[in-house]
Amino acid sequence: MRAALYKNNRVVEIEEIKKPEIKDNEALIKVKYTGICGTDLHIYEGLHPRAKAPLVMGHEISGIVDKIRTNRKDMQVRERVVINPLISCGNCFSCKENNPHLCPNLNLVGIDQNGGFAEYVKVRDDKLYKIPDLLSMNLAALMEPVAVAVHAVRKSQLSLGDKVAVIGGGPIGQLIAQICKMSGASWVIMLEINLERVNFANNLGIITGSSPEESIKKIKEITKGKGADIVYEAVGIQDTYNYTTDLVKVGGKIVAVGAASKPITLNFWKIYFEELKIIGIHVYEPEDIEIAIDLLNRYPKIFQPFISKIIELEDLGEELKNMANGATQAIKVLVGV
């Protein structure tokens with residue numbers, strides 16, 4: 001089968017590799033679309049600590065069941081599916097407490113085993129989720145990032161009428177903003193300095209400022225000086241985390257979505273004296289996946305603009321090169337196989 005192989009830092013080549021063979025409780029999926037994630041870019045640049053070449057990257061996958069060896073009565077050949085790429089150990093405390101997404105040994109399809117930038121991918125049968133007949137395969141490939149955003153909003157326990165701030169206008173930040181609106185937030189304001197991302201947010205009804213300072217001013221005006229009920233940080237660097245305690249109201253919530261590459265400091269004086277709540281977010285749970293599929297199916301007009309373009313497998317290396325060099329500002333690029 002054809003696959004785009006990560007061979008070395010900034011080297012991705014198309015090669016013919018052996019089609020995966022499945023065992024009991026496994027399925028072979030004919031890949032239709034796979035989204036390019038920031039994690040894939042980190043692997044491409046040699047910055048991911050676990051990913052080892054040669055590797056087929058890609059974990060945001062939609063496809064069709066080609067072969068399956070399963071006891072599941074609801075899953076068979078030719079089913080249209082998306083994949084939960086999380087691989088937990090099943091034996092640790094977190095797994096046994098029904099929190100497999102918090103497994104300290106958590107692995108991922110496309111990082112720790114071959115992923116979706118190929119004609120076929122092998123996964124466990126319990127990682128398959130059927131998609132509705134009317135949901136397109138390209139839109140279904142957004143399930144994984146949508147599930148991350150759903151998990152963040154769900155864990156924040158957003159209430160009807162809440163005023164929220166989202167720091168960062170990348171794919172996850174933009175999705176969080178939209179899901180906050182859908183969940184009843186009265187105001188959603190985004191802090192983002194990239195003009196293309198600002199325009200994207202504005203076109204989907206999100207308030208922004210021309211600078212972080214202007215966004216902060218708007219939040220203060222809208223909340224009459226109180227601050228946002230919830231602040232979602234979706235960048236993962238010290239500079240943006242610094243804004244969180246300035247934006248949130250007394251007794252408000254800070255939701256840490258952006259995964260930092262090194263320890264972050266926060267203003268614990270304010271956290272202590274203002275009784276702020278810090279909520280950590282790590283990937284998603286099965287419930288979030290089911291909600292994400294339902295939202296994509298019911299509101300395609302909201303999510304379709306997130307697909308900036310669809311490229312062919314042979315173009316993946318060039319696309320990753322452009323992303324690494326800052327030559328493209330796409331929200332989400334899909335690879336069609």
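Note that these values count all heavy atoms, side chains included, but never hydrogens, waters or copies made by symmetry. Quantities reported herein were computed from a predicted structural model and do not represent experimental measurements.
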Problem set entry | Asn194 and Gln329 side chains, donor-acceptor separation under 3.5 Å | yes
Exercise. Is it true that the side chains of Asn202 and Thr208 contain a donor and an acceptor less than 3.5 Å apart?
Worked result: yes
Considering all heavy atoms, the nearest [X]-[Y] contact:
{"X": "Glu192", "Y": "Gly170", "value": "OE1-N, 4.2 Å"}
{"X": "Val12", "Y": "Ala4", "value": "CG1-CB, 3.9 Å"}
{"X": "His48", "Y": "Ile43", "value": "CB-CG1, 3.7 Å"}
{"X": "Met1", "Y": "Pro20", "value": "CE-CD, 3.7 Å"}
{"X": "Gly116", "Y": "Val337", "value": "O-CG2, 4.3 Å"}
{"X": "Pro100", "Y": "Leu106", "value": "O-CD1, 3.7 Å"}

Carboxylate-amine/guanidinium contact [X] [Y], below 4.0 Å:
{"X": "Lys253", "Y": "Asp229", "value": "no"}
{"X": "Lys19", "Y": "Glu119", "value": "no"}
{"X": "Lys18", "Y": "Glu21", "value": "yes"}

Within the distance-only criterion (no hydrogens, no angle test), does the side chain of [X] pair as donor or acceptor with the backbone N or O of [Y] below 3.5 angstrom?
{"X": "Lys181", "Y": "Leu204", "answer": "yes"}
{"X": "Asn105", "Y": "Cys89", "answer": "no"}
{"X": "Glu290", "Y": "Ile293", "answer": "no"}
{"X": "Asp40", "Y": "Ile36", "answer": "no"}
{"X": "Lys270", "Y": "Thr245", "answer": "yes"}
{"X": "Arg80", "Y": "Leu135", "answer": "yes"}
{"X": "Ser94", "Y": "Cys103", "answer": "no"}
{"X": "Gln174", "Y": "Arg197", "answer": "yes"}
{"X": "Glu26", "Y": "Lys23", "answer": "yes"}
{"X": "Lys130", "Y": "Met75", "answer": "no"}

Exercise. Which residues pass the side chain to side chain contact (heavy atoms under 4.5 Å, CB included) test with Pro286, sequence neighbours left out?
Worked result: Tyr129
Problem set entry | Pairing residues for Val11 by the side chain to side chain contact (heavy atoms under 4.5 Å, CB included) criterion, not counting sequence neighbours | Lys7, Asn8, Glu13
Check whether any side-chain heavy atom of [X] sits under 4.5 Å from a side-chain heavy atom of [Y], and report yes or no.
{"X": "Glu275", "Y": "Val250", "result": "no"}
{"X": "Asp294", "Y": "Leu296", "result": "no"}
{"X": "Lys217", "Y": "Glu213", "result": "no"}
{"X": "Val121", "Y": "Ile83", "result": "yes"}
{"X": "Gln178", "Y": "Ile206", "result": "yes"}
{"X": "Thr34", "Y": "Leu334", "result": "no"}
{"X": "Lys163", "Y": "Val188", "result": "no"}
{"X": "Asn84", "Y": "Asp126", "result": "no"}

Exercise. So among Thr240, Asn242, Thr244, which one has a side-chain hydrogen bond (donor to acceptor under 3.5 Å, both in side chains) with Glu233?
Worked result: Thr240
Heavy-atom neighbours of [X] [atom1] exceed 12 at 6.0 Å:
{"X": "Gln238", "atom1": "CD", "value": "yes"}
{"X": "Lys321", "atom1": "NZ", "value": "no"}
{"X": "Asp74", "atom1": "CG", "value": "yes"}
{"X": "Asn203", "atom1": "CG", "value": "yes"}
{"X": "Arg50", "atom1": "CZ", "value": "yes"}
{"X": "Lys218", "atom1": "NZ", "value": "yes"}
{"X": "Lys226", "atom1": "NZ", "value": "no"}
{"X": "Asn325", "atom1": "CG", "value": "yes"}

Exercise. Could you state the interatomic distance from CD1 (Ile310) to CG (Asp315), rounded to the nearest 0.5 Å?
Worked result: 12.5 Å
Seminar exercise, completed: Asp24 meets the salt bridge (charged side-chain N to carboxylate O under 4.0 Å, His left out) criterion, sequence neighbours left out, with Arg69
Exercise. Of all residues at least two apart in sequence or in a different chain, which pass the salt bridge (charged side-chain N to carboxylate O under 4.0 Å, His left out) check with Glu45?
Worked result: Arg10
Does [X] sit in a hydrophobic cluster with other residues, and if so which ones, taking ILVMFWY side chains as linked at heavy-atom separations under 4.5 Å, directly or through other members?
{"X": "Leu195", "answer": "none"}
{"X": "Ile193", "answer": "none"}
{"X": "Leu247", "answer": "Ile167, Trp187, Ile189, Leu191, Ile207, Ile216, Ile219, Ile222, Val231, Val235, Ile237, Tyr241, Tyr243, Val248, Ile254, Ile264, Leu266, Phe268, Ile271, Leu276, Ile278"}

Seminar exercise, completed: Sorted by chain and residue number, the ring pair (Phe, Tyr, Trp, His ring centres under 6.0 Å) partners of Phe273 (sequence neighbours excluded) come out as Trp269
For this session: Output all residues satisfying ring pair (Phe, Tyr, Trp, His ring centres under 6.0 Å) with Phe200, sequence neighbours left out; order by chain, then residue number.
Result: Phe306
Would you give me the side-chain donor-acceptor pairs under 3.5 Å for residues 146-161, sequence neighbours excluded?
unit_1	atom_1	unit_2	atom_2	d
His151	ND1	Asp288	OD2	2.7
Arg154	NE	Asp288	OD1	2.7
Arg154	NH1	Glu287	OE1	3.3
Arg154	NH2	Glu285	OE2	3.2
Arg154	NH2	Asp288	OD1	3.1
Arg154	NH2	Asp288	OD2	3.3
Ser156	OG	Val153	O	2.7
Ser156	OG	Tyr232	OH	2.7

Seminar exercise, completed: From the list Leu316, Leu320, Leu5, side-chain contact (heavy atoms from CB on, under 4.5 Å) with Phe117 holds only for Leu316
Exercise. Taking only residues two or more places apart in sequence or in another chain, which ones pass side chain to side chain donor-acceptor pair (under 3.5 Å) with Glu319?
Worked result: Lys309
Exercise. For Arg2 and Glu314, what are the C-alpha separation, side-chain angles and deciding distance, and is it a salt bridge (Lys or Arg N to Asp or Glu O under 4.0 Å)?
Worked result: CA-CA 9 Å; Arg2 286 183 308 126; Glu314 287 76 10; 2.3 Å; yes
For residues 57-65, tabulate all N or O donor-acceptor pairs below 3.5 Å that involve a side-chain atom, not counting sequence neighbours.
unit_1	atom_1	unit_2	atom_2	d
Glu60	OE1	Lys332	NZ	3.0
Glu60	OE2	Lys332	NZ	3.2
Ser62	OG	Met137	O	2.8

